[in-house]
Each structure stands twice: as C-alpha cells, then as structure tokens.
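Inspection log for the structure reproduced underneath, given as structure tokens.
Quick note on labels: first sequence line is chain A, next is B, and so on, each numbered from 1. Computed from a predicted model, the values in this text were never measured in an experiment.
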4 protein chains.
Amino acid sequence: MEAIRRAGIKRLYKQGFEAMKLRDLADDVGIQAGSLYNYIRQKQDLLFMILSDIMERLHEGLSAELEGIEDPVEELRRFIAFHIRWHTARKEEVFIGNMELRSLTPANYRKIIAERTKYEHRLRSIIEEGNKAGAWSVRDPQVTSYATIAALTGVCTWYNPRGRLSQSELIDLHIEYVFHSFGLDISDASGPD
Amino acid sequence: MEAIRRAGIKRLYKQGFEAMKLRDLADDVGIQAGSLYNYIRQKQDLLFMILSDIMERLHEGLSAELEGIEDPVEELRRFIAFHIRWHTARKEEVFIGNMELRSLTPANYRKIIAERTKYEHRLRSIIEEGNKAGAWSVRDPQVTSYATIAALTGVCTWYNPRGRLSQSELIDLHIEYVFHSFGLDISDASGPD
Amino acid sequence: MEAIRRAGIKRLYKQGFEAMKLRDLADDVGIQAGSLYNYIRQKQDLLFMILSDIMERLHEGLSAELEGIEDPVEELRRFIAFHIRWHTARKEEVFIGNMELRSLTPANYRKIIAERTKYEHRLRSIIEEGNKAGAWSVRDPQVTSYATIAALTGVCTWYNPRGRLSQSELIDLHIEYVFHSFGLDISDASGPD
Amino acid sequence: MEAIRRAGIKRLYKQGFEAMKLRDLADDVGIQAGSLYNYIRQKQDLLFMILSDIMERLHEGLSAELEGIEDPVEELRRFIAFHIRWHTARKEEVFIGNMELRSLTPANYRKIIAERTKYEHRLRSIIEEGNKAGAWSVRDPQVTSYATIAALTGVCTWYNPRGRLSQSELIDLHIEYVFHSFGLDISDASGPD
DNA sequence: TATGAATGAGGGTTCATTCAT
DNA sequence: TATGAATGAACCCTCATTCAT
C-alpha cells in the first residue's frame, strides 16, 4: 500500500493524473492492475489519498518547526527555512499538490483547498502578529503572504540538489529576500542556529 | 482557426490536455470533431501552437513595455507592472503555460522552455544592470529573478478582477514588495506615470 | 481522366483498393480530392472502370494475335506468347486484375468474372480443337487450360525486365513447358516467327 | 486464441486485411473488440501470426511428405500430390497467403517471403537433383519450378470439393501435366501408393 | 472544372473497472 | 490477496463524400 502511494507520487509527477495508467502503476509495484483494487476503490481515491497525506505532513512539519516560538521575526525565519527545506526535499509532492488539484472531484477539491488555505493562514498570522508587535509594518498581509509563499514555493521548480547552491545557502538568500521585502534588516534574522 | 485557439485555451484551462476531448472542443467551435483536422494535424499540435503563441505574445508585450527605457529602476518597475498586468489579464493562458508543459512532446517541450528561459533572462539582465549601475546590490541575480517572477506570477492564482484590490493597487503592492526585497526605497519607483 | 486511371492502377497495385486513399490519388494527379468527383462518382467506379478496361484490352489483344490463324498448334503457340508478353508488360494491371476482384460490388464482380471466363474459354477452345484435329490428346481440357493459364500468369509475379532472362527467352521456355505438358514435341512449335 | 486465428482466416479470406473490422472479428469469437487486445497487440500482429503459422505448417507438411524419399521422380510425384492436397484443403489459407502479403509491414513481409522462397527452393532442388540423376533434363530449373508451382497453386482458385473431379483425380491430372512438361512418361510416376 | 472546408460514420486502440478463479 | 481475461465506453484520428464558392 505504501509502495502504491510512492509509485503513485512518482507517476503523478511525471505524467499527471489523466495520463497516468493504472496498469503502469501496478507494474511499478509488481502486481497486476486488477490487484490494485484491493487497496483503492477508484483511481480518484488514490489521488485524494496522496494529496491529503501531503497536506497533513506539511501541517505537522510546520507545527513542529514553530512549536514554542513566540517571536514573530523568529517565526518568520523558521517559516521560510521550513518551507524551503520541506519543498525542496519534496519536489514531486509539491508539484502534484499544485498541479493535480484540477483532477480532483469537486468534493475532494474543497477538502484539499481548505487544508492549503489553513497553511497559508499560518504565514498571514505571523505577518499580522509582527505588525501588531511592531516587528515590521506590512501594508497588506494577505497579498504579502501570497507573494511570499509563491516566491518560496517557486524554488522547487528549479532547485537542483547538486546545483550551484546548497540548501542552506538557498534558505539564506530567501530569508534575505523576504526580510528585505518586509522592510527588515537581514541582521535581524540571525537566530540561534 | 482563431476560434479553435480560443476554445482550446478555455478547455485546457478547465480540464487539462489529457482530459480535454477533441469532440467537445469541436462542439465549442460549432464543427464536427473531424473538421478540426483541417486546422491541426494532431491534438499535440494544438497544445504546442497555443503555448508558442502565448510565449510569443508575452515577449512582444514585454519588449513594447521596455522599449527605450534605460534606467534599471524604471525597467524593474515596468517589468513588475507589465508582468502583473499581463498575467492577471490572462489567467487562463498563464495557467496552462505552467501546467501543460508536461503534456508536450519532448521536442516541443524544449522549444517552449527555451522561450520561457529567454523571458526570465530579461529580468535577470535588469537585475545585473542595476547591480552594475549601483541602483541596488542584489547578491544572487539568478535566484532573485526566480523568486521575483514566482512571487509575481503567483498573483494570478488568486487574483479576482472583482476582488478587494484593483489591478493597479496590486501592482503597487508588488512593486513595493519587490523593491524592498532589492533593498530599494519604494519612492525610487515613482516614474513618469 | 486518363491520368487518374494510370495513377489508380499504380496505387491499386501498391496498396490495394481498401488501402488506397482518394486523397493520395488526387495528389498523384495534382488535384484536390474533391475534384476527383468530376470524373468518377464513387471509389468503386474507379476500380470497376480500371478492371473493365483491362479485360477489354486483353480480349482485343488476343483477338488481334489469333486473327486468321487456324492451326491449333500455332494458335497455342501464339496464345502462350501473347499471354506472357501481355502479362509481363502489364504486371500491375494483371496483379490488380487478380487481387482486387474481391473489392468489387457483387454486380460488378459478376461482369468482370464473365469477361475473365470468356478469356479462359479461348484457350480451352484451342485445346479442344487440337484434340479434335489430332494435334494432341489432352485428357481434361478444362483442368489443363486452368493449369496452363496459372503457370503462364505466374510469370509476372517474379518477372523482372532487367533480370537474367529476356522476354523472348521466357516465352520460349514456357512454350516448351506447355508443349511438353500437352505431349507435343517442342519442334512442333517452330512457327513463322 | 485459436478461435481468433480461425475467425481471422475466415475474415481475411472474405474481406481482406484492410476491410476486416476487428469488431466483427471479435463478434465471431463472441467477445468484445477490446478483449482482442489480450491476445494481439495490433491488427497487423494478427495477420503476421496467421501467415507465419500457415508457412510453418506448409513446411512441416512437405517435410513429412518427403521424409526418407531419395528418388527425384518419386519426390516430384509426392511434391505435386502434397501441394495440391494441402492447397485444395486450405483454399482460404492459400488465398490470404498470396493476397495479404501486401498488407504486411515491410519487416514482416520480408520474413514471410523468406519462408515462401524456402518452399519454392524445395521444388527447385528436386528438379536439379533429377537433372543430375538423369531422371529428366529440365533446361531452366528456376523458371520451371515457378511455372509448376503456379500451375499447381492455381488449382485452388477454382477447385470445388463437390465438383466434377475428386481430389485424387485432380492430383493425377496434374502429375500427368507436370511430368509431361518435364519430358517424363506418366508411367514413371507410379509409386508405391 | 477546381477548391477546400465540412461532414459523419466508423475504425483501431486504450484503459478504468469488474469478477470468476 | 492476486490473477488475467473480459468489459464497454470513449477517444483520437481517418477518409469517402458533399457542396458552396
């Protein structure tokens, strides 16, 4: 079952939901197409399961990262670091998470979007806290949260683990980028690690 | 033919390449499925034509926008404004321009990606000019250009023409966002218009 | 029109009736597919016209060859020579004449077969005359006429004008073959030419 | 699978490769068209399989017939008998074996033709052995083998099991025909059976 | 007489899904 | 839980034929 999920992610990434053939997926796992139906009831189910799972892990990861932090600046720094770390480590999942929403059943679509919105609200909350605490003064927290997430997520469209920049360099560059855009001096970002 | 292109864009946006049925497309245009083949030789051709066309218009639009401008700050400002204006006005095209690349034949894929890269290089060149001219000092022009384009392009995933913010407000917010991230004061951006 | 017939023969030979596309045929002639319908009413018509024409010319050719001859031996010799000469010179027509009968409409099929049978009867008549005249003694004129025509027609499945044997050598060999099979000495065949 | 082969032969005989519809074929077998693809990968495969199979059985049949025979006269007699017996018993296979070659893929075509040539060479070898052994003196073994095979194969274009002549009468007539054409007296052919 | 766009039936092939074993 | 043959709907694409120009 876990094998099916993993193979499903790979195929969804490479081919997309419509182009992915259950026969090929079964082949990847080493079973016959018919046998897949002992694990899923429909092709659609597989997509939803995979996407739900991705969202869930994303939430858990972020929660763990921010646990106990109260300073907005530090929260922002950690959000950026976590987002890039998680996204670059899971290029495939992120890609599917953005591309395959369209193939979801309306009901399933709503559920996944709700999760994604929840995640976006975490950054927005941080921005608003920072505004309140005087850490920065961002004019439009909603737009800024969208722009920031887009900028950070964009990384994984071109990130190459064996490329010019290491993951931590990438994180530094984006912390600088975002902090600047928030009107913060980069030195403010120097945290405990 | 133009009708086919327009209907194709709509269907690609709503359903994606694989899910789009040529019969439905023909229906949209008011002809029989077989008649489509007087205009295209394959389904794949339609996708490629549409994507090529989008890229071409994007290039032309940007060239017109930047024509005669020499000041990097002004160029950057115009790039941002143009990008948001163009992308929010063409949500559908932008969406398929990102999503349907995967459905391209390898040969066609390479051609489209080459065009996209050319576009990205325009911003990178602006950044590098600005570095040279002392307008700003951006540490990593490549990464910064990617992050910026991602942030700006992200707009059209949530932009709603009848939403809270007008297009020009959106542009202002993003100019501010990007200028800050470049370490520029927003007032520097005040151009002739 | 004559160009269409000639191109039709070529295409029928190479591809067969079902596989032959009217578009390609039109291309060969240098017109559009639609324009063909100024000359034929249906694809089937073309086939019938071509086959009728072939049969007609075959009959005419044989009649001219046998005109005025009364000696069965000489008639046989001339029949063989004519058949091989005509068939090797018209490989394509002969081939279609055998292969494409199946694609004819039942009504058309009957007409063509009637012509072919008439042709076969010419040889049978010669054989029977020879029996009567004591030129040879063939046990079963019908079977022998079939076997003989098959043997002769077979030539054009492998005949190559630039091959080892010239047309007249081929004719000599087959005259010998058939005369022997009729129990005739080959020297009997030496005619005026 | 065997049912598909048999139905395929029938349909190829009646309609030809291009005109044969897989849907009809499936109907003959009592399955859906799609189910055919559990047995073949392409329509072309079916044709090739059938033709290969025919050639293989033909070779096997002949080998069995000639096994242990060393006398060229007897070999010739048996070749004729076998060829007519096999061909009249398999009118349909013989027909498509000649007609549908054209519908083969070039690669497949070469393979089948190679088999056919091998078969023709068997007769040619017999003729050459007979020449060497002084059993007969045939001027051009190649041409004679072609003419002979054509004459014999022609039988099945008109042979009717309920017709005037029995199979064995037919064989006798053709043995006489061919033996004469080889310059042999028919009495030489009287073998053990 | 020629064009070329349109038709419409249908053909080969694919594939999610089912089900008896 | 696994198989693999069967289903059946549908999809892309083809092509003879029509017809307004």
Which dot-bracket string describes DNA chain F (Watson-Crick N1-N3 plus N6-O4 or O6-N4, or G-U N1-O2 and O6-N3, all under 3.5 Å; [ ] crossing; | other strand)? .||||||||||||||||||||

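- Between F:dC13, F:dA16, F:dA5, one nucleotide has an atom nearer to the side chain of C:K43 than all others, and that is F:dA16.
- For the pair B:S52 (side chain) and B:F48 (backbone), a donor-acceptor distance under 3.5 Å is present.
- Distance, D:D45 CG to E:dT14 C1': 16 Å, rounded to whole Å.
- Projected onto DNA chain E by closest heavy-atom contact, D:Q44 and B:L36 fall at different nucleotides, the more 5' of which corresponds to B:L36.
- Per the geometry, CD1 belonging to D:I4 stands 12 Å off C1' belonging to F:dA6, to the nearest Å.
- Within the structure, salt bridge (Lys or Arg N to Asp or Glu O under 4.0 Å) contacts touching residues 34-44 of chain B (residues at least two apart or in different chains) are B:R41-B:D45.
- With a 4.5 Å cut-off on side-chain heavy atoms, B:K91 and B:I96 do not count as touching.
- Atom pair B:D24:CG and F:dC11:C1' shows a separation of 11 Å (rounding to whole Å applied).
- Taking side-chain N and O atoms only, A:Y39 has a distance below 4.0 Å to OP1 or OP2 of F:dA2.
- For D:Y37 and E:dC15, the shortest distance from a side-chain N or O to OP1 or OP2 is not below 4.0 Å.
- In this entry the distance linking CG of B:N38 with P of F:dT18 reads 17 Å, nearest Å.
- Within the nucleic acid shown, A:M20 comes within 4.0 Å of sugar-phosphate atoms alone, with no base atom in reach, counting heavy atoms only.
- When each of C:R23 and D:R41 is assigned the nucleotide of DNA chain E with its nearest heavy atom, C:R23 is the one assigned upstream, toward the 5' end.
- Between C:Q32 and E:dG4, a side-chain N or O to OP1/OP2 separation shorter than 4.0 Å is present.
- At least one donor-acceptor pair under 3.5 Å links the side chain of A:Q44 to the backbone N or O of A:S103.
- In this structure, C:L12 CG and C:E93 CD are separated by 10.5 Å, a value rounded to the nearest 0.5 Å.
- Formation of a donor-acceptor pair under 3.5 Å by the C:T117 side chain with backbone atoms of C:I113 is found in this model.
- Between A:S35 and F:dT1, a side-chain N or O to OP1/OP2 separation shorter than 4.0 Å is absent.
- Summarising the geometry, the separation between CD1 on C:I31 and P on E:dA5 is reported as 17 Å, rounded to the nearest angstrom.
- Following rounding to the nearest Å, B:M1 (CE) and E:dG4 (P) show an atom-to-atom distance of 17 Å.
- The interatomic distance linking A:L25 (CG) with E:dT17 (C1') rounds to 15 Å, in whole Å.
- For F:dC13, one of the phosphate oxygens OP1 or OP2 lies less than 4.0 angstrom from a side-chain nitrogen or oxygen of B:Q42.
- Between A:E2 and A:R5 there is a salt bridge, since at least one side-chain N of the basic residue sits less than 4.0 Å from a carboxylate O of the acidic one.
- With contacts defined as side-chain heavy-atom distances shorter than 4.5 Å, the pair D:F17/D:L46 does not qualify.
- Note: CD (A:E18) to C1' (F:dC12) measures 15 Å, nearest angstrom.
- The A:K21 side chain lies nearest to E:dC15 when the options are F:dA16, E:dC15, E:dT13.
- Side-chain proximity of A:L22 to F:dA16, F:dC13, E:dT17: nearest is E:dT17.
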